[in-house]
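Presented below is the structure to which this report refers.
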Amino acid sequence: MATGDKKSPGSGKKESPLKGKKVLITAGPTREHLDPVRFISNPSSGKMGYALARACLSRGARVTLISGPVALTPPPGLRTVRVESALQMFKAARAAFSGCDVFIASAAVSDYRPARASKSKIKKDSPGGRFLRLTLNPDILQKLSRAKGGRLLVGFAAETGSVLENARGKLRNKKLDLMVANRVGRKGTGFGSDFNQVTLLWPSGKAETLKRMAKERVAGRVADEIEKLLK
Ligand code: CTP
């Protein structure tokens with residue numbers, strides 16, 4: 001047994017470095033309302049984030065899941081905070097960040113929101129009804145990374161082109177320890193699918209492209225890498 005490996009008494013099984021660690025995960029899309037009945041969003045299902053929550057839980061982590069609107073049931077044994085907009089997700093993530101050891105940002109946060117949300121339904125003949133003015137949402141991961149301290153940060157990059165180049169830029173800008181890059185906008189992988197085809201990237205420049213696999217297995221691989229980084 002290598003030095004530092006711990007066994008739980010009597011089990012013969014190695015104790016995971018994630019055991020007892022506080023893991024914060026953002027998952028799913030955000031919705032940015034124009035009015036009470038319309039919003040800007042994206043097709044994220046939350047499946048990747050929820051699979052990550054299960055993978056961390058099964059290794060003994062204490063998980064807080066901040067979830068955008070999805071049709072999934074969170075696994076028992078974690079704290080779930082349900083949010084709708086990017087601003088709400090930011091507020092919830094900021095409140096939980098200081099107490100976490102690992103932050104996994106898997107949410108597909110809407111980069112923009114309407115500059116003004118109407119309290120009543122925008123009627124089709126309303127003046128200016130065809131024009132939408134947008135304002136930038138906070139980049140949750142980037143903002144929180146400024147107070148990174150000793151925390152481990154894991155991000156995702158959703159790209160339709162120049163996947164690795166763009167993902168490396170985000171890895172640097174958001175001070176990540178691990179980046180999971182995936183191509184989106186194709187059938188059978190990424191948004192909404194049960195499968196994902198990702199490349200793992202590290203700050204050292206190391207990269208590993210995984211074959212297309214179930215999100216549950218991708219989550220297991222990501223959790224394995226987090227364990228190695230925690231050791
Ligand atoms: N992210 C975030 N808050 C945002 C936007 C992104 O926390 N407002 C996080 C995502 O959860 C992901 C990473 O940042 O872990 C990269 O997100 P992505 O949508 O791929 O890229 P952006 O940084 O938004 O850049 P762009 O839209 O220009 O590709």
Side-chain angles (χ1 to χ4, degrees), residues 23-33 39-53 56 63-70 81 83-98 100 102-115 134-148 151-186 189-193 196-203 207 215 218-219 222-223 225-226 229:
V23 178
L24 173 64
I25 301 174
T26 60
T30 64
R31 283 181 184 172
E32 313 300 326
H33 274 275
F39 53 79
I40 298 171
S41 192
N42 62 66
S44 167
S45 62
K47 286 174 185 168
M48 196 60 242
Y50 278 57
L52 285 160
C56 293
V63 179
T64 299
L65 178 65
I66 300 175
S67 176
V70 296
V81 184
V83 297
E84 198 171 12
S85 67
L87 287 178
Q88 290 168 358
M89 187 173 273
F90 180 42
K91 201 172 159 206
R94 200 173 42 188
F97 185 73
S98 59
C100 84
V102 180
F103 177 37
I104 309 175
S106 72
V109 185
S110 177
D111 289 323
Y112 296 96
R113 66 178 185 277
L134 299 174
T135 188
L136 207 54
N137 270 328
D139 187 321
I140 300 169
L141 181 53
Q142 186 157 46
K143 280 198 180 283
L144 295 181
S145 76
R146 291 186 197 146
K148 176 176 160 83
R151 290 173 196 83
L152 213 116
L153 303 186
V154 180
F156 278 70
E159 308 292 348
T160 52
S162 308
V163 179
L164 298 189
E165 194 187 325
N166 288 334
R168 281 203 181 96
K170 292 174 188 176
L171 174 84
R172 265 194 313 275
N173 291 341
K174 307 194 189 202
K175 298 188 190 158
L176 305 184
D177 300 286
L178 178 64
M179 169 55 103
V180 186
N182 68 324
R183 193 178 282 276
V184 289
R186 279 183 178 175
T189 179
F191 281 156
S193 171
N196 217 351
Q197 202 272 303
V198 306
T199 298
L200 305 179
L201 300 165
W202 288 265
K215 284 183 176 170
V218 176
V222 172
E225 296 306 325
I226 292 173
L229 289 166

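Values reported hereafter were calculated over all heavy atoms of this structure, with side chains retained and with hydrogens, waters and symmetry mates removed. Note that the coordinates shown come from a computational prediction; the quantities given were computed from them, not determined experimentally. Both counts, for ligands and for their atoms, begin at 1 and track the order of listing.
Distance from atom 4 (C) of ligand 1 to its nearest protein heavy atom, with residue and atom name: V109 CB, 3.5 Å. Distance from atom 7 (O) of ligand 1 to its nearest protein heavy atom, with residue and atom name: L141 N, 2.9 Å. Among all non-hydrogen protein atoms, the one lying nearest atom 3 (N) of ligand 1 is I140 N, 3.0 Å. The nearest protein atom to atom 17 (O) of ligand 1, hydrogens excluded, is given as F156 O, 3.7 Å; this is a heavy-atom distance.
At a heavy-atom cutoff of 4.0 Å, ligand 1 is contacted by no atom of N166, backbone or side chain.
Within ligand 1, counting atoms from 1 as listed, the ones closer than 4.0 Å to a heavy atom of A105 are 11 (O), 12 (C), 15 (O). Close approach to G155 involves these atoms of ligand 1, each under 4.0 Å from a residue heavy atom: 15 (O). Listed by number with element, the atoms of ligand 1 under 4.0 angstrom from any heavy atom of A157 are 20 (O). Of all atoms in ligand 1, numbered sequentially from 1 with element shown, those under 4.0 Å from a heavy atom of A107 are 10 (C), 11 (O).
When atom types are taken as modelled, the side chain of E159 and the backbone of A181 share no donor-acceptor pair closer than 3.5 angstrom. The backbone N or O of S98 sits less than 3.5 Å from a side-chain atom of R151, completing a donor-acceptor pair. A donor-acceptor pair under 3.5 Å is formed between the side chain of R183 and the backbone N or O of T160. A donor-acceptor distance shorter than 3.5 angstrom exists from the side chain of N42 to the backbone of A108, with no hydrogens or angles considered. Using modelled atom types, no side-chain atom of S85 and backbone atom of R31 make a donor-acceptor pair closer than 3.5 Å.
Using a 4.0 Å cutoff on heavy atoms, A86 does not count as a contact of ligand 1. Between P138 and ligand 1 there is a heavy-atom distance shorter than 4.0 Å.
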- Task: Decide yes or no on side chain to side chain contact (heavy atoms under 4.5 Å, CB included) for Y50 and S67, but give the supporting numbers first.
- Result: CA-CA 9 Å; Y50 278 57; S67 176; 2.7 Å; yes
- Apply salt bridge (Lys or Arg N to Asp or Glu O under 4.0 Å) to K170 and D139, showing your working. CA-CA 11 Å; K170 292 174 188 176; D139 187 321; over 6 Å; no
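For atom 1 (N) of ligand 1, the nearest non-hydrogen atom from the set I25, D139, T160, N137 comes from D139. Here atom 6 (C) of ligand 1 lies nearest to K174 when heavy atoms of K174, Q142, K170 are compared.
Side-chain contact between R94 and P138: absent, with no pair of heavy atoms (C-beta onward) separated by less than 4.5 Å.
At a distance under 4.0 Å, a protein heavy atom can be found next to atom 14 (O) of ligand 1. Under the 4.0 Å distance rule, the nearest protein heavy atom to atom 19 (O) of ligand 1 falls outside the cut-off.
Residue I104 is tested with L65, L24, I226 for a side-chain contact (heavy atoms from CB on, under 4.5 Å); the sole match is I226.
Residue D111 has at least one nitrogen or oxygen atom sitting less than 3.5 Å from a nitrogen or oxygen atom of ligand 1, judged on distance alone.
Between N166 and G161, the shortest heavy-atom distance links the atoms ND2-O, 3.1 Å.
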